[in-house]
Every structure is written in structure tokens, then in C-alpha cells.
Novice: 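Pasting a structure below so you can have a look.
Both backbone and side-chain heavy atoms feed into the values below; hydrogens, waters and symmetry mates do not.
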Amino acid sequence: MAAYLRLFMAAVLVVTVLAGQVHAQDKRDGNYWRTIPETEKLDIILGFFDGMALSESLIHIVVRENYSLCTDVIESIMSQTDKYLDNLSTAQIATGLDTFYEDAANRKIPIFWGIWVVARQAKGDKDVGKFIKELRKAHK
């Protein structure tokens, strides 16, 4: 019985250590961005766009078909996405994120929020400075 207990405890220890390593790798913020190669940066941006496309599809299918009162909210979300992300290339976003994360105050901000900052900067959003301050405060 004691051998099983030791084996169980060793297994728990290994799982705990591995889970900690996976969690550390999952923190995709500016610190992470600055350590990865260009190809991985582009993959992350493409994954962001894939996630946005999936979200829009799910919104159309689930929300629009079941909650017609939310149509105005859905249209607003999609117009914001179109406003900021249309005609913005992955290369532009990658370069913008490189610049954004040069500032140490931005490095704890998750990449998906960094993409929104870059998109808003590219479109000349006058409130982007306030947006960055809010993100810094939220991700200390």
C-alpha cells in the first residue's frame, strides 16, 4: 500500500509541475511575443483572425436565430470588427505588436488585446491612448 501511495504522490507531483509549465507557456502576452520567431508571430495573428471568424459565425447561428432582441448588439460588434480590422495585414499587425511591446509598460497585456491596440492605432482612433492605459491597469 505504501508503494502505491508513493507512486500516486510522484504522479501528482509530475502532473503539477507539467501543468505549471503549460500554464506559463499559455500566457501569451508581450513578454511571450518578444521571445518567439516571426513565423510563430504570424501564426498567432492568423489564429486570432480564425477565432474572430468563428465567433462571428457562432453569433450568427446561435444569437441571431434565438435572440432577435440582440440584433443591434450583434451588428455593433461586427461593425467595430470591420472598422478596425479590414484591410489590415498580418505583417502590419506583427510590426505594430513589435513596436507596442517595445514599451515595458505594455508587456503584460495579452496579445489579443495588443492586436486591438494596433488595429485602433492604424485606423487613427483618438481614444487608443485611454484604451492602452485601461489595459495596463487591468494587466499589471
Side-chain angles (χ1 to χ4, degrees):
M1 183 69 142
Y4 288 118
L5 182 59
R6 278 187 290 233
L7 184 59
F8 174 75
M9 293 303 288
V12 168
L13 178 63
V14 168
V15 169
T16 303
V17 169
L18 290 175
Q21 289 173 346
V22 168
H23 178 70
Q25 293 169 350
D26 285 344
K27 188 167 178 140
R28 294 187 180 196
D29 59 10
N31 293 308
Y32 174 77
W33 180 264
R34 292 168 50 86
T35 66
I36 59 176
E38 204 64 31
T39 54
E40 191 170 338
K41 290 177 179 182
L42 296 177
D43 286 343
I44 288 172
I45 295 167
L46 291 172
F48 172 85
F49 282 118
D50 286 345
M52 292 296 294
L54 176 61
S55 295
E56 283 189 14
S57 296
L58 291 173
I59 286 171
H60 278 294
I61 293 168
V62 176
V63 177
R64 194 173 261 163
E65 289 182 10
N66 296 304
Y67 304 99
S68 60
L69 296 174
C70 297
T71 302
D72 290 342
V73 173
I74 294 166
E75 294 301 324
S76 175
I77 292 168
M78 288 198 260
S79 71
Q80 290 294 310
T81 302
D82 291 343
K83 176 181 177 179
Y84 291 114
L85 295 174
D86 270 1
N87 301 316
L88 197 60
S89 73
T90 53
Q92 287 172 298
I93 294 171
T95 301
L97 286 172
D98 287 342
T99 301
F100 178 66
Y101 289 130
E102 282 178 9
D103 187 335
N106 298 332
R107 292 196 188 137
K108 290 189 178 182
I109 296 172
I111 294 170
F112 61 88
W113 282 123
I115 291 173
W116 277 107
V117 168
V118 169
R120 290 175 74 168
Q121 288 172 332
K123 300 297 179 169
D125 182 357
K126 62 181 172 48
D127 295 322
V128 74
K130 191 180 340 177
F131 182 56
I132 293 169
K133 286 180 185 177
E134 291 172 7
L135 289 171
R136 287 175 178 168
K137 185 177 178 183
H139 300 283
K140 289 183 180 180

Novice: Closest approach of Ile93 and Val118, non-hydrogen atoms and distance?
Specialist: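 Where Ile93 meets Val118 most closely, the heavy atoms are CA-CG1, 4.0 Å.
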Novice: Over all heavy atoms of both residues, which pair between Phe49 and Leu88 is shortest? Give the atoms and the distance, please.
Specialist: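 Of all heavy-atom pairs spanning Phe49 and Leu88, the closest is CZ-O, 4.2 Å.
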Novice: Considering all heavy atoms of both residues, which atom of Ala119 and which atom of Leu85 are nearest to each other, and what is their separation?
Specialist: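 The answer is CB-CD2, 3.7 Å.
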Novice: If hydrophobic clusters are built from ILVMFWY residues whose side chains come within less than 4.5 Å, do Trp113 and Leu46 share one?
Specialist: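 The answer is no; the residues belong to distinct hydrophobic clusters.
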Novice: Assess whether side-chain contact (heavy atoms from CB on, under 4.5 Å) is satisfied between Tyr84 and Asp125, documenting all intermediate values.
Specialist: CA-CA 9 Å; Tyr84 291 114; Asp125 182 357; 3.3 Å; yes
Novice: Look up atom CZ in Arg28 and atom CD in Glu40, then write down how far apart they are to the nearest 0.5 Å.
Specialist: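 So the gap between those two atoms works out to 6.5 Å.
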Novice: Just verifying a value: how many Å separate Glu38 CD and Thr95 OG1, rounded to the nearest 0.5 Å?
Specialist: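 If I round to the nearest 0.5 Å, the distance is 7.0 Å.
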Novice: Write out all pairs satisfying salt bridge (charged side-chain N to carboxylate O under 4.0 Å, His left out) with one or both partners inside residues 83-112, taking only residues at least two apart or from two chains.
Specialist: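 For residues 83-112: Lys41-Asp98, Asp103-Arg136.
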Novice: Under 3.5 Å, side chain of Asp29 to main-chain N/O of Tyr32, donor-acceptor pair present?
Specialist: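 Such a contact is found between Asp29 side chain and Tyr32 backbone.
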Novice: Taking the side chain as every heavy atom from C-beta outward, state whether Trp33 and Phe100 have any atom pair closer than 4.5 Å.
Specialist: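 No - every pair of side-chain heavy atoms lies 4.5 Å or more apart.
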Novice: Thr90 pairs by side-chain contact (heavy atoms from CB on, under 4.5 Å) with which of Asp43, Ile45, Ile44?
Specialist: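 Testing Thr90 for a side-chain contact (heavy atoms from CB on, under 4.5 Å) against Asp43, Ile45, Ile44 leaves exactly one candidate, Ile45.
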Novice: Under the rule for side chain to side chain donor-acceptor pair (under 3.5 Å), what residues qualify as partners of Gln80, not counting sequence neighbours?
Specialist: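 Result, side chain to side chain donor-acceptor pair (under 3.5 Å) vs Gln80: none returned.
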Novice: Within a strict 4.5 Å, meaning less than it, do heavy atoms of the Leu135 and Trp116 side chains meet?
Specialist: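 No; the side chains remain at least 4.5 Å from each other.
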Novice: Give the minimum heavy-atom separation between Leu42 and Ala94, together with the two atoms involved.
Specialist: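 Reported closest heavy-atom pair: CD2-CB, 4.1 Å.
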Novice: So Lys123 and Val128, do their side chains get closer than 4.5 Å, heavy atoms only?
Specialist: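 No, too far: nothing below the 4.5 Å cut-off.
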Novice: Would you call Ile132 and Gln121 a side-chain contact if the rule is heavy atoms closer than 4.5 Å?
Specialist: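 The answer is yes, as the side chains (C-beta and beyond) meet within the 4.5 Å cut-off.
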Novice: Is the shortest side-chain heavy-atom distance between Asn31 and Tyr101 below 4.5 Å?
Specialist: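 They are not in contact (no side-chain heavy atoms under 4.5 Å apart), so the answer is no.
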